[in-house]
Amino acid sequence: LLQQFATQVTTLATIVNTLQESLIGARRVFEVLDESPEIVSPAQPRPLPKPRGLLTFERVSFSYDTGKPVLSDVSLEVRPGERVALYGTAGAGKTSLLSLVPRFYDVDAGSVRLDGIDVRELGLDALRRHVAMVFQDTFLFSHSIAENIAYGKPDATRDEIVAATRAAHAHEFILRLPHGYDSLVGERGQALSGGERQRISIARA
């Protein structure tokens with residue numbers, strides 16, 4: 001009887017420990033959920049019709065910490081359809097500059113404009129719906145290639161998906177896979193090479 005009782009007490013103690021750990025984790029999650037976002041949509045956002053893609057940085061300055069500028073008086077214009085490469089040493093501000101376009105952060109001075117409209121005057125949803133990013137570390141879901149490409153537009157037709165892959169030069173290698181567009185990519189895209197994952201990510205964008 002003592003052995004059985006001791007076993008139950010040990011089990012109960014384990015449950016209590018697990019519960020305490022879960023409560024700590026839950027508290028941290030709710031602290032994040034209760035945070036008020038620093039970047040919000042304006043009360044009366046300007047409408048954003050289908051943008052042409054004229055992107056203008058006008059004397060942009062930005063810093064994460066006061067007194068430590070990351071960008072200082074940057075001016076740049078990217079015309080629709082134009083490809084621009086930003087290069088520089090680590091910490092030069094390349095990622096920071098691009099993070100200002102979808103308003104992950106707001107400028108300290110100057111303005112970022114899309115088709116002549118300051119991005120701070122646009123609704124966040126409307127703005128970010130027209131911005132896609134392809135990161136060096138590509139993340140894919142463990143679903144089919146077609147589902148990964150249509151992630152941002154679930155109602156995309158197969159023709160639209162194929163058009164995106166052709167633009168990303170991914171159509172040929174997809175057709176060589178055993179199940180084509182219905183091939184599973186595996187967890188984080190492990191069934192594909194690094195270059196293939198990158199092309200799927202470009203097609204998704």
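What you see is a predicted model, and the numbers here were worked out from it, not measured in a lab. Numbers for residues simply follow the sequence, beginning at 1.
- Heavy-atom contacts from other residues, nucleotides or ligands closer than 6.0 Å to CZ of F104 number more than 12.
- Ion pairing between R158 and D182 holds under the 4.0 Å rule for side-chain N and carboxylate O.
- In terms of hydrophobic clustering, with Ile, Leu, Val, Met, Phe, Trp and Tyr side chains grouped at heavy-atom distances under 4.5 Å, V101 and V78 are assigned to a common cluster.
- A donor-acceptor contact shorter than 3.5 Å is absent between the side chain of R199 and the backbone of A170.
- Atom CG of residue L100 and atom CZ of residue F62 lie 6.0 Å apart, to the nearest 0.5 angstrom.
- Tracing side-chain contacts under 4.5 Å through hydrophobic residues (I, L, V, M, F, W, Y), one reaches F135 starting from L86; they form part of the same cluster.
- We find the CZ-CD distance between R79 and E77 to be 6.0 Å, quoted to the nearest 0.5 Å.
- At least one side-chain heavy atom of Q198 sits less than 4.5 Å from a side-chain heavy atom of V134.
- Contact of the T56 side chain with the D115 side chain is not registered, since no non-hydrogen atoms from C-beta on lie closer than 4.5 Å.
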When you look at D106 and R103, which way does the salt bridge (charged side-chain N to carboxylate O under 4.0 Å, His left out) test go after all the steps? CA-CA 6 Å; D106 274 340; R103 288 192 69 203; 2.8 Å; yes

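- Formation of a donor-acceptor pair under 3.5 Å by the R197 side chain with backbone atoms of L192 is found in this model.
- When only modelled atom types and interatomic distance are considered, S61 and D108 share no side-chain donor-acceptor pair under 3.5 Å.
- The aromatic rings of F141 and H143 sit tilted, their planes meeting at an angle between 30° and 60°.
- Here I161 contributes atom CD1 and T165 contributes atom OG1; the two are 8.5 Å apart, rounded to the nearest 0.5 Å.
- Remark: the backbone N or O of S63 is not paired with any side-chain donor or acceptor of K68 at under 3.5 angstrom.
- Counting only residues at least two apart or on different chains, the salt bridge (Lys or Arg N to Asp or Glu O under 4.0 Å) pairs with a member in residues 140-155 are K153-E160.
- Legend: salt bridge (Lys or Arg N to Asp or Glu O under 4.0 Å) pairs involving residues 33-60, not counting sequence neighbours, sorted by first then second residue: R46-E121, E58-R113, R59-D73.
- Hydrophobic cluster membership of F5, counting Ile, Leu, Val, Met, Phe, Trp and Tyr whose side-chain heavy atoms lie under 4.5 Å apart directly or via other members: V9.
- Between L177 and S183, the shortest heavy-atom contact is CB-OG, 3.4 Å.
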